[in-house]
Amino acid sequence: MSHPVSLDAPDLTGLGRDALGLLNDSELVIADLDGSLAVGLVPVAGAADLAARLGHRLVIASNNSTHTSTQLSRVLVGCGLEIPSGRIFLAGETAVREVARRYRNARVMLLGSVALAEVATAAGLVLSDAKPDVVILARDLELSFARLQRAVDALAGGCTLVVSNPDLTHPGPGGLPQIETGSLLALVSAAVPKVFPIIIGKPERLLFDAALAYAGADPSAAVMVGDNLSTDIESARRLGLNTVWLRGRRHGNSPDATRSAN
Ligand SMILES: [Mg+2]
């Protein structure tokens with residue numbers, strides 16, 4: 001093992017020797033964004049330092065379904081976190097691209113941001129609320145009751161449901177819960193319980209696979225860094241990745257670094 005890096009920034013100083021050893025040893029470091037590298041798109045203290053130290057070995061895998069990787073990279077770089085868009089893997093963007101790959105030229109009803117709609121059109125999808133083949137559910141901040149009902153109508157009629165991410169909430173200002181895509185899915189599922197959603201984001205494997213493929217890395221040579229035990233850590237361990245769980249850092253707990261059995 002090479003010498004552990006020492007981080008002096010307050011929010012990441014708790015990483016400790018085991019965690020730093022894992023980061024140093026890994027070909028690829030896959031980091032969650034919200035609650036890990038940043039809070040509300042503002043990098044936590046020490047994140048920029050870590051990104052600079054890890055360089056191209058650091059990628060982001062986030063369940064964000066509002067922004068594109070280009071938008072997010074611009075924001076993060078503006079705050080000193082130098083991560084280019086090619087190293088950012090997002091649930092919303094991945095959902096749209098996956099639908100374009102699985103259902104070529106499909107008619108898609110997209111419940112999502114304008115930015116995601118542009119990604120969909122560029123990927124060859126035909127956006128239409130009339131007789132869609134697929135409904136893509138993402139974190140749509142402009143969502144109306146009428147469009148939600150149209151989506152339910154389409155799903156009741158047999159159309160496929162693809163969901164960017166299953167998170168019910170994410171923490172907002174003052175820690176208040178912000179409605180996430182999973183809460184919208186709960187509403188839709190209550191109305192059409194027989195519809196089986198295809199989930200794209202963590203804890204499913206697509207974002208992990210995309211990050212590993214980008215780096216050409218084996219899971220055992222990669223480490224997942226995140227704050228959510230279920231979506232970041234347990235899912236990564238199932239795939240054979242090493243993990244650094246940033247558990248309860250605000251309460252002074254030290255991170256839990258676990259090497260895979262491989
Ligand atoms: Mg998180």
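Numbering of ligands and ligand atoms starts at 1, following listing order. The structure presented is a predicted model; accordingly, all values stated were derived computationally and were not measured.
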- prompt: Does a donor on one side chain and an acceptor on the other come within less than 3.5 Å for R237 and T243?
  reply: yes

query: If you measure only the distance, is there a donor-acceptor pair under 3.5 Å linking the side chains of E180 and T169?
result: no

Using a strict cut-off of less than 4.0 Å between a Lys/Arg side-chain nitrogen and an Asp/Glu carboxylate oxygen, indicate whether [X] and [Y] qualify as a salt bridge.
{"X": "R102", "Y": "E98", "answer": "yes"}
{"X": "D32", "Y": "K202", "answer": "yes"}
{"X": "D140", "Y": "R147", "answer": "yes"}

task: Below 2.8 Å of the Mg ion (ligand 1), tally up the protein N/O/S atoms for me.
output: 3

Spacing of OG belonging to S164 relative to CD1 belonging to I136, to within rounding of 0.5 Å: 9.0 Å

